[in-house]
S.K.: 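Here you go, one structure.
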Amino acid sequence: MSLGGGKSNTLNNAVINASTKCPFVLAAGNESSDAGNSSPASAEGPNIYTVSAFSNGDNWASFSNYGSVVDYAGPGVSIYSTWKDQGYRSISGTSMAAPHIAGVLLAGSTPITTDGTVNGDKDSTPDPIGVL
C-alpha cells in the first residue's frame with residue numbers, strides 16, 4: 001500500500017483489521033522522518049510489513065522514512081516502472097521499494113528471507129534487506 005499522511009488511528013486500525021485476512025506491505029514514506037508518525041506506515045501487526053528504501057550498494061535512500069515500525073528495506077531509487085499514457089519512467093520512493101517486498105511474499109518467502117542490512121540507516125538500527 002502506497003498511501004501516507006499524518007498518524008491516524010482510524011486508518012491504522014483499518015489496516016490492522018484487514019491484515020487478519022491478507023498480508024499488507026506498506027511504504028514507509030518519503031519525508032526522511034520517523035515512519036511511526038505517519039499512517040498507514042505506523043500500523044503494526046503479524047501480517048503487516050512496513051518497507052524503507054535503499055539505493056545502489058545497499059546504501060540508505062536519503063528520502064526514506066525510518067524507525068522502529070520499519071520491518072524491511074527494498075530497492076527504491078531509480079526503479080523503472082510503468083507510467084501514465086502507457087509509458088515508462090525511472091522513479092524513486094518507498095512506493096517502489098514496497099512492491100519488491102510484496103513480490104517476495106507472493107513468491108512464498110514467509111517469513112521473508114533477508115540478506116544483509118542497509119548501510120547508513122537513520123535510526124541506527126539497519127533495516128534487513130528482503131530477498132528471494
Side-chain angles (χ1 to χ4, degrees):
M1 175 181 285
S2 179
L3 176 69
K7 190 163 185 177
S8 165
N9 289 332
T10 302
L11 180 54
N12 283 1
N13 287 336
V15 170
I16 291 165
N17 290 335
S19 74
T20 64
K21 304 291 184 195
C22 68
F24 272 72
V25 179
L26 308 172
N30 304 310
E31 296 80 34
S32 190
S33 62
D34 188 341
N37 295 323
S38 63
S39 291
S42 58
E44 294 188 272
N47 215 15
I48 300 172
Y49 308 91
T50 300
V51 182
S52 65
F54 66 88
S55 65
N56 291 337
D58 299 343
N59 293 312
W60 183 256
S62 62
F63 56 79
S64 185
N65 285 1
Y66 52 87
S68 63
V69 298
V70 174
D71 301 296
Y72 298 98
V77 175
S78 299
I79 305 299
Y80 198 58
S81 183
T82 55
W83 198 251
K84 60 185 173 183
D85 298 325
Q86 300 178 359
Y88 295 89
R89 189 176 207 182
S90 179
I91 53 181
S92 299
T94 59
S95 295
M96 296 291 97
H100 287 274
I101 301 303
V104 170
L105 281 171
L106 286 171
S109 183
T110 307
I112 294 174
T113 304
T114 62
D115 184 17
T117 57
V118 175
N119 302 314
D121 191 324
K122 297 239 179 159
D123 64 6
S124 301
T125 305
D127 300 333
I129 298 171
V131 297
L132 283 177

S.K.: Is there a donor-acceptor pair closer than 3.5 Å between any side-chain N or O of Asp123 and the backbone N or O of Gly67?
M.R.: yes
S.K.: For Thr50 and Ala43, work out which heavy atoms get closest and say how close.
M.R.: OG1-O, 4.1 Å
S.K.: Can you tell me which residue pairs pass the side-chain hydrogen bond (donor to acceptor under 3.5 Å, both in side chains) test with a partner in residues 4-19, sequence neighbours excluded?
M.R.: Asn12-Ser39, Asn12-Ser42
S.K.: Given side-chain contact (heavy atoms from CB on, under 4.5 Å), test Val51 with Val25 step by step and report yes or no.
M.R.: CA-CA 7 Å; Val51 182; Val25 179; 3.7 Å; yes
S.K.: Ignoring hydrogens, what is the shortest heavy-atom contact between Ser32 and Asn65? Give both atom names and the distance.
M.R.: N-OD1, 3.0 Å
S.K.: Do you know the tightest heavy-atom contact between Ile48 and Leu26?
M.R.: CG2-CD1, 3.5 Å
S.K.: With a cut-off of 3.5 Å and sequence neighbours excluded, list every side-chain donor-acceptor pair involving residues 74-91.
M.R.:
none

S.K.: Please name the pair of heavy atoms, one in Ser38 and one in Gly5, separated by the smallest distance, quoted to 0.1 Å.
M.R.: CB-O, 3.0 Å
S.K.: Please list, one pair per line, the donor and acceptor atoms closer than 3.5 Å that link side chains of residues 93-105 to other protein atoms, with sequence neighbours excluded.
M.R.:
from  : atom 1 : to    : atom 2 : distance (Å)
Thr94 : OG1    : Gly29 : N      : 3.0
Thr94 : OG1    : Asn30 : OD1    : 3.3
Ser95 : OG     : Ser2  : OG     : 2.2

S.K.: Tell me which pairs pass side-chain hydrogen bond (donor to acceptor under 3.5 Å, both in side chains) where either residue lies in residues 67-76, with sequence neighbours left out.
M.R.: none
S.K.: Tabulate below the donor-acceptor pairs under 3.5 Å that side-chain atoms of residues 124-132 make, not counting sequence neighbours, or state none.
M.R.:
from   : atom 1 : to    : atom 2 : distance (Å)
Asp127 : OD2    : Ser52 : OG     : 2.7

S.K.: Tell me, please, which residues at least two apart from Thr113 pass side chain to side chain donor-acceptor pair (under 3.5 Å).
M.R.: Ser109
S.K.: Kindly list each side-chain donor-acceptor pair under 3.5 angstrom involving residues 55-63, sequence neighbours excluded, with atom names and distances?
M.R.:
from  : atom 1 : to     : atom 2 : distance (Å)
Ser55 : OG     : Asn59  : O      : 3.2
Asn59 : OD1    : Asn119 : ND2    : 3.3
Asn59 : ND2    : Asn56  : O      : 3.1

S.K.: Nearest 0.5 Å, please: how far is OH in Tyr49 from CD in Glu44?
M.R.: 13.0 Å
